Chemist: 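Take this structure first; my questions come after.
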Amino acid sequence: MSLIRQMTFEDLPRVHQIDRESFSTPWPVEAFTIELKNPKARCWVIQEADQIIGYIVFWIIIDECHIATIAIDRSFRGKGYARALIQKTLQSSRSEGATFAFLEVRAGNEEAKSLYNSFGFEIVGTRKKYYKDNNEDALLLTLEIKA
């Protein structure tokens with residue numbers, strides 16, 4: 001059975017490992033350290049047994065939730081863990097007064113786009129050449145968080 005809990009500084013080596021294996025432009029470990037200290041940030045991990053298998057970082061800014069990053073260890077993908085993290089994020093954000101959620105996703109990331117679409121996220125814009133590693137566009141997605 002999986003557990004979603006707050007990320008701690010002790011989790012950072014594993015979180016950073018998952019991040020490096022998931023993204024061509026991973027966050028530096030210092031970015032996660034900053035977010036753990038940021039009062040607007042919520043940093044969570046999901047674990048199976050005693051192993052961290054994924055994480056999410058999002059911000060609550062007034063009435064908005066902005067999902068900054070999410071990743072699941074490759075060997076655990078496709079099993080509903082990202083869905084569980086997003087669902088808990090949206091529920092928690094709503095309880096904190098957020099009425100909208102936002103995120104950016106690579107235009108070519110079909111798996112992530114399908115997941116976000118299943119929650120009802122809609123494309124509302126494009127950031128041209130947003131990703132510096134390959135100049136890929138980012139799609140801006142939004143979702144009204146309903147009670």
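All residue numbers refer to positions in the sequence shown, counting from 1. For clarity, every value in this text was computed on a predicted model and none was experimentally measured.
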Chemist: Could you tell me the separation between the NZ atom of Lys132 and the OG1 atom of Thr25, rounded to the nearest 0.5 Å?
Modeler: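 Rounded to the nearest 0.5 Å, the NZ-OG1 separation comes to 10.5 Å.
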Chemist: Is the shortest side-chain heavy-atom distance between Ile46 and Ile52 below 4.5 Å?
Modeler: no
Chemist: Can you give me the closest heavy-atom contact between Glu136 and Ala107, atom names plus distance?
Modeler: OE2-N, 3.4 Å
Chemist: Quick test of your reading of the model: are Asp63 and Arg94 salt-bridged, counting only N-O distances below 4.0 Å?
Modeler: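 No, this pair does not count.
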Chemist: Salt bridge or not for Glu104 and Arg127, using N-O below 4.0 Å?
Modeler: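 Salt bridge flag = yes for Arg127 with Glu104.
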Chemist: Specify the closest pair of heavy atoms between Gly54 and Leu85, including all atoms of both residues, with the distance to one decimal.
Modeler: C-CD1, 4.4 Å
Chemist: Just how far is it from atom OG of Ser75 to atom CD1 of Ile53, taken to the nearest 0.5 Å?
Modeler: 8.0 Å
Chemist: Do you know the tightest heavy-atom contact between Ile72 and Arg77?
Modeler: O-NE, 2.7 Å
Chemist: Hey, is CD on Glu122 packed in by over 12 heavy atoms from elsewhere, all under 6.0 Å?
Modeler: no
Chemist: Any side-chain heavy atom of Val15 sitting closer than 4.5 Å to one from Val29?
Modeler: no
Chemist: Can you check whether Asn134 reaches Arg106 side chain to side chain, under 4.5 Å on heavy atoms?
Modeler: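 Yes, close enough: below the 4.5 Å cut-off.
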Chemist: Tell me whether Val57 shares a hydrophobic cluster with Ile145, the cluster being built from Ile, Leu, Val, Met, Phe, Trp, Tyr side chains joined at under 4.5 Å.
Modeler: no
Chemist: For the residue pair Ser24 / Asp133, report whether a side-chain donor-acceptor contact shorter than 3.5 Å exists.
Modeler: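 Note: Asp133 and Ser24 side chains meet the donor-acceptor criterion.
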Chemist: Heavy-atom distance under 4.5 Å between the side chains of Thr99 and Glu144, does that happen here?
Modeler: no
Chemist: State, to 0.1 Å, how close Lys113 and Val105 come at their nearest heavy-atom pair, and which atoms those are.
Modeler: CG-CG1, 3.9 Å
Chemist: Kindly give the heavy-atom pair with the smallest separation between Ile18 and Ala71, and that separation in Å.
Modeler: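 Heavy-atom minimum between the residues: CG2-CB, 4.0 Å.
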Chemist: Rounded to the nearest 0.5 Å, how far apart are OG of Ser114 and CG of Asn109?
Modeler: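 Result: 10.0 Å between the selected atoms.
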Chemist: Does Ser22 use its side chain to pair, donor to acceptor, with the backbone of Arg74 at less than 3.5 Å?
Modeler: no
Chemist: If I take atom CE from residue Met7 and atom CG from residue Leu36, how far apart are they, to the nearest 0.5 angstrom?
Modeler: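 CG of Leu36 is found 6.0 Å from CE of Met7.
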Chemist: Do side-chain atoms of Ser118 reach the backbone of Leu115 as a donor and acceptor pair under 3.5 angstrom?
Modeler: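 Confirmed, Ser118 side chain pairs with Leu115 backbone.
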Chemist: In Å and rounded to the nearest 0.5 Å, what is the CG to NZ distance from Leu143 to Lys146?
Modeler: 8.0 Å
Chemist: Test of understanding: with ring pair (Phe, Tyr, Trp, His ring centres under 6.0 Å), list the residues that count as partners of His16, not counting sequence neighbours.
Modeler: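 For His16 there are no ring pair (Phe, Tyr, Trp, His ring centres under 6.0 Å) partners, ignoring immediate neighbours.
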Chemist: So with a 6.0 Å cut-off around CD of Glu21, is the heavy-atom count from everything else above 12?
Modeler: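 Yes, the 6.0 Å shell around CD holds more than 12 heavy atoms from other groups.
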Chemist: With heavy-atom distances below 4.5 Å as the criterion, would you say the side chains of Arg42 and Ile56 are in contact?
Modeler: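 No, too far: nothing below the 4.5 Å cut-off.
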Chemist: Looking at Arg14 and Asp73, is there a salt bridge between them, counting it only when a charged N and a carboxylate O are closer than 4.0 Å?
Modeler: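 A salt bridge links Asp73 with Arg14.
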Chemist: Is there a side chain to side chain contact (heavy atoms under 4.5 Å, CB included) between Lys40 and Ile61 once you walk through the steps?
Modeler: CA-CA 7 Å; Lys40 296 189 183 317; Ile61 304 169; 4.2 Å; yes
Chemist: Answer yes or no: is there a side-chain heavy-atom contact under 4.5 Å between Val45 and Ile4?
Modeler: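 The answer is no, as the side chains (C-beta and beyond) never meet within the 4.5 Å cut-off.
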Chemist: Do Trp27 and Phe32 have their ring centres less than 6.0 Å from each other?
Modeler: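 Yes, close enough.
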Chemist: Just wondering, are more than 12 heavy atoms of other shown residues or ligands nearer than 6.0 Å to CD in Gln6?
Modeler: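 No - once you tally the heavy atoms of other residues, nucleotides and ligands closer than 6.0 Å, there are 12 at most.
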Chemist: Mind running side chain to side chain donor-acceptor pair (under 3.5 Å) on Asp11 and Thr8 for me, showing each step along the way?
Modeler: CA-CA 5 Å; Asp11 297 328; Thr8 67; 3.1 Å; yes
Chemist: Report whether Ile86 and Ile60 are members of the same hydrophobic cluster (ILVMFWY, side-chain heavy atoms less than 4.5 Å apart, transitive linking).
Modeler: yes
Chemist: Using the rule that two of Ile, Leu, Val, Met, Phe, Trp, Tyr join whenever any of their side-chain heavy atoms come within less than 4.5 Å, decide whether Ile70 and Phe76 are in one cluster.
Modeler: yes
Chemist: Pairs in or reaching into residues 97-126: which pass ring pair (Phe, Tyr, Trp, His ring centres under 6.0 Å), with residues at least two apart or in two chains?
Modeler: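 Output for this query lists Tyr116-Phe121.
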Chemist: What do the steps show when you test Glu35 against Lys37 for side chain to side chain contact (heavy atoms under 4.5 Å, CB included), and what is the final call?
Modeler: CA-CA 5 Å; Glu35 294 307 335; Lys37 297 175 184 177; over 6 Å; no
Chemist: Rounded to the nearest 0.5 Å, how far does CG of Leu139 lie from CD1 of Ile123?
Modeler: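 It is 4.5 Å, given to the nearest 0.5 Å.
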Chemist: Working note: Cys65 + Glu96, criterion side chain to side chain contact (heavy atoms under 4.5 Å, CB included); need CA distance, chi angles, decisive distance, verdict.
Modeler: CA-CA 9 Å; Cys65 163; Glu96 290 193 59; over 6 Å; no
Chemist: Looking at Ser93 and Leu90, would you say the former's side chain and the latter's main chain have a donor-acceptor pair under 3.5 Å?
Modeler: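 Pair absent, no side-chain N/O of Ser93 close to backbone of Leu90.
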Chemist: Can you confirm whether the side chains of Asp19 and Tyr55 place a donor and an acceptor under 3.5 Å from each other?
Modeler: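 Side-chain D/A pair, Asp19 to Tyr55: present.
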Chemist: Find out whether the Lys NZ or Arg CZ of Lys79 is both under 6.0 angstrom from the six-membered ring centre of Tyr81 and within 45° of the ring's axis.
Modeler: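 Not flagged: Lys79 not positioned over aromatic ring of Tyr81.
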